[in-house]
Amino acid sequence: MTAVEVRNLTKRFGRFTAVDRISFSVGQGEILGFLGPNGAGKTTTIKMILGLLEPSGGRITILGRDARRDRNEVKRAIGYMSQQFSLYPLLTVSENVEFFSGISGLKRPEIRARRAELEAELGNGLSRLQVRALPPGIRQKAALFVSLVADPELVFLDEPTSGVDPLARRAFWHAIYGLREKGKTILVTTHNLDEAEYADRILVLHRGAVVLDGRPRALLEERGAESVEQLFREAIGGET
């Protein structure tokens, strides 16, 4: 089954075309690495899929539902971890879980269960600390937990390993693989090109268009490239 289907998706801001009739799909249970230089159209595309930005044209289907017509149903099926804003820093992690669980429509018994799960997951009383006091790796782990409180089928992770050390990065990807084993579909944006090879498939945007799409190993063999970074640079014409 296809989890996300994008057809001829377009976004214009006045005379500027940020996303130019792109088409791609994401299979259910797939990890898609979403790459591109700054200004490529990644964030704009994600905002349109999430329903935060109205497309100028094209169609988005999520889990068989029209993203525009069935917006409320689609939103309930999506978890989103933003790089810039995922948790309130002055609240404890447990309070963040309670808040986001509440706005997701969970009942009190479900919220208590989520808080207990978090405490077991983090251990050492970390759930009772303010978010701003947590090490980056623990903070990212907590942010991922919060994005999953409503048990979404589709998870968007925006730069999830930004600012964390290699050990925490590896642990985070282990968690992503665990989500895939549970049948979740994951779309990950990252600037760490060495991470992109961990994805089942990579898709590169440049100047509002899809310039590369495929499985990392297959693309490396097909194009005779030594690394995903080389693939990326060739796809965008050597620009940075």
Side-chain angles (χ1 to χ4, degrees), residues 3-26 30-62 67-68 74 78-86 136 140 143-144 147 154-164 169 172-173 176 185-216 219-220 223 225-240:
V4 180
E5 188 82 28
V6 171
R7 285 291 168 260
N8 298 315
L9 188 62
T10 302
K11 182 61 184 179
R12 301 184 189 90
F13 296 97
R15 295 183 179 180
F16 174 67
T17 301
V19 176
D20 191 10
R21 296 173 295 175
I22 66 171
S23 296
F24 65 91
S25 62
V26 187
E30 184 174 47
I31 301 173
L32 178 69
F34 202 50
L35 314 173
N38 292 332
K42 300 190 307 297
T43 300
T44 301
T45 299
I46 289 173
K47 284 183 176 180
M48 287 190 285
I49 295 173
L50 292 171
L52 301 175
L53 197 60
E54 193 71 19
S56 302
R59 177 171 179 158
I60 304 167
T61 304
I62 296 177
R68 282 178 169 177
V74 164
I78 295 175
Y80 179 46
M81 177 180 162
S82 167
Q83 178 192 11
Q84 295 180 339
F85 175 78
S86 290
Q140 297 295 74
L144 177 62
S147 73
L154 179 62
V155 185
F156 284 79
L157 306 175
D158 186 14
E159 300 285 339
T161 59
S162 178
V164 302
R169 188 182 303 169
F172 199 94
W173 272 94
I176 292 174
T185 303
I186 304 112
L187 193 152
V188 186
T189 68
T190 179
H191 279 102
N192 295 313
L193 296 177
D194 57 325
E195 280 188 1
E197 201 166 349
Y198 300 159
D200 298 320
R201 217 175 94 230
I202 58 173
L203 186 146
V204 178
L205 250 61
H206 184 45
R207 295 179 178 174
V210 176
V211 294
L212 189 68
D213 184 1
R215 295 187 174 276
L219 288 171
L220 289 169
R223 304 194 176 209
E226 296 181 356
S227 65
V228 171
E229 181 176 355
Q230 184 183 342
L231 281 174
F232 178 81
R233 291 187 178 279
E234 290 176 354
I236 65 172
E239 298 179 27
T240 57

Problem - Where A196 and P216 come nearest, the two heavy atoms and their spacing - result: O-CG, 4.0 Å
Problem - From CG (L144) to CD1 (I176), nearest 0.5 Å - result: 7.5 Å
Practice task
Test D194 against R169 for side chain to side chain contact (heavy atoms under 4.5 Å, CB included), laying out the working first.
Solution key: CA-CA 11 Å; D194 57 325; R169 188 182 303 169; 3.9 Å; yes
Exercise for the section: For side chain to side chain contact (heavy atoms under 4.5 Å, CB included), just list the numbers for Q140 and M81, CA-CA rounded to whole Å, side-chain angles, deciding distance to a tenth of an Å, and then say yes or no. Expected result: CA-CA 9 Å; Q140 297 295 74; M81 177 180 162; 3.9 Å; yes
Exercise for the section: Could you tell me whether a side-chain N or O of R215 sits under 3.5 Å from a main-chain N or O of D200, the two making a donor and an acceptor? Expected result: yes
Exercise for the section: Please work out whether the ring planes of F24 and F34 are parallel, tilted or perpendicular, with thresholds of 30° and 60°. Expected result: tilted
Exercise for the section: Check the pair E54, R68 against side chain to side chain contact (heavy atoms under 4.5 Å, CB included), reporting the backbone distance first and the verdict last. Expected result: CA-CA 9 Å; E54 193 71 19; R68 282 178 169 177; 3.3 Å; yes
Handout entry: Chi angles and distances behind the side chain to side chain contact (heavy atoms under 4.5 Å, CB included) call for I202, D213
Key = CA-CA 6 Å; I202 58 173; D213 184 1; over 6 Å; no
Problem - Distance, nearest 0.5 Å, that separates NZ of K47 from OH of Y80 - result: 7.5 Å
Practice task
Output, in order, the C-alpha distance, side-chain angles, deciding distance and verdict of side chain to side chain donor-acceptor pair (under 3.5 Å) for D158 and S82.
Solution key: CA-CA 5 Å; D158 186 14; S82 167; 4.7 Å; no
Practice task
Specify the closest pair of heavy atoms between L203 and R201, including all atoms of both residues, with the distance to one decimal.
Solution key: CD1-NH2, 4.2 Å
Problem - Side chains of Q230 and L220 in contact at under 4.5 Å (non-hydrogen atoms) - result: no
Exercise for the section: Quick one: pull up CG in L187 and NZ in K42 and give me the separation to the nearest 0.5 Å. Expected result: 11.5 Å
Fill in the blank from the handout: Here the side chain to side chain donor-acceptor pair (under 3.5 Å) pairs for residues 8-23, sequence neighbours left out, are none
Problem - For P37 against L205, the heavy-atom pair lying closest together - result: CD-O, 3.4 Å
Practice task
To the nearest 0.5 Å, tell me how far T189 OG1 sits from E159 CD.
Solution key: 4.5 Å
Practice task
Return the minimal non-hydrogen interatomic distance between A18 and F13, and the atom names on each side.
Solution key: CB-CE1, 3.7 Å
Exercise for the section: Looking only at non-hydrogen atoms, find the nearest pair between I60 and I62 and report the distance. Expected result: CG2-CG1, 4.0 Å
Exercise for the section: Drop me the distance from I186's CD1 to I31's CD1, to the nearest 0.5 angstrom. Expected result: 4.5 Å
Practice task
Sort out for me which residue in I236, V188, L193 forms a side-chain contact (heavy atoms from CB on, under 4.5 Å) with L35.
Solution key: L193
Practice task
Output the distance between atom CD1 (I22) and atom OG1 (T45), rounded to the nearest 0.5 Å.
Solution key: 4.0 Å
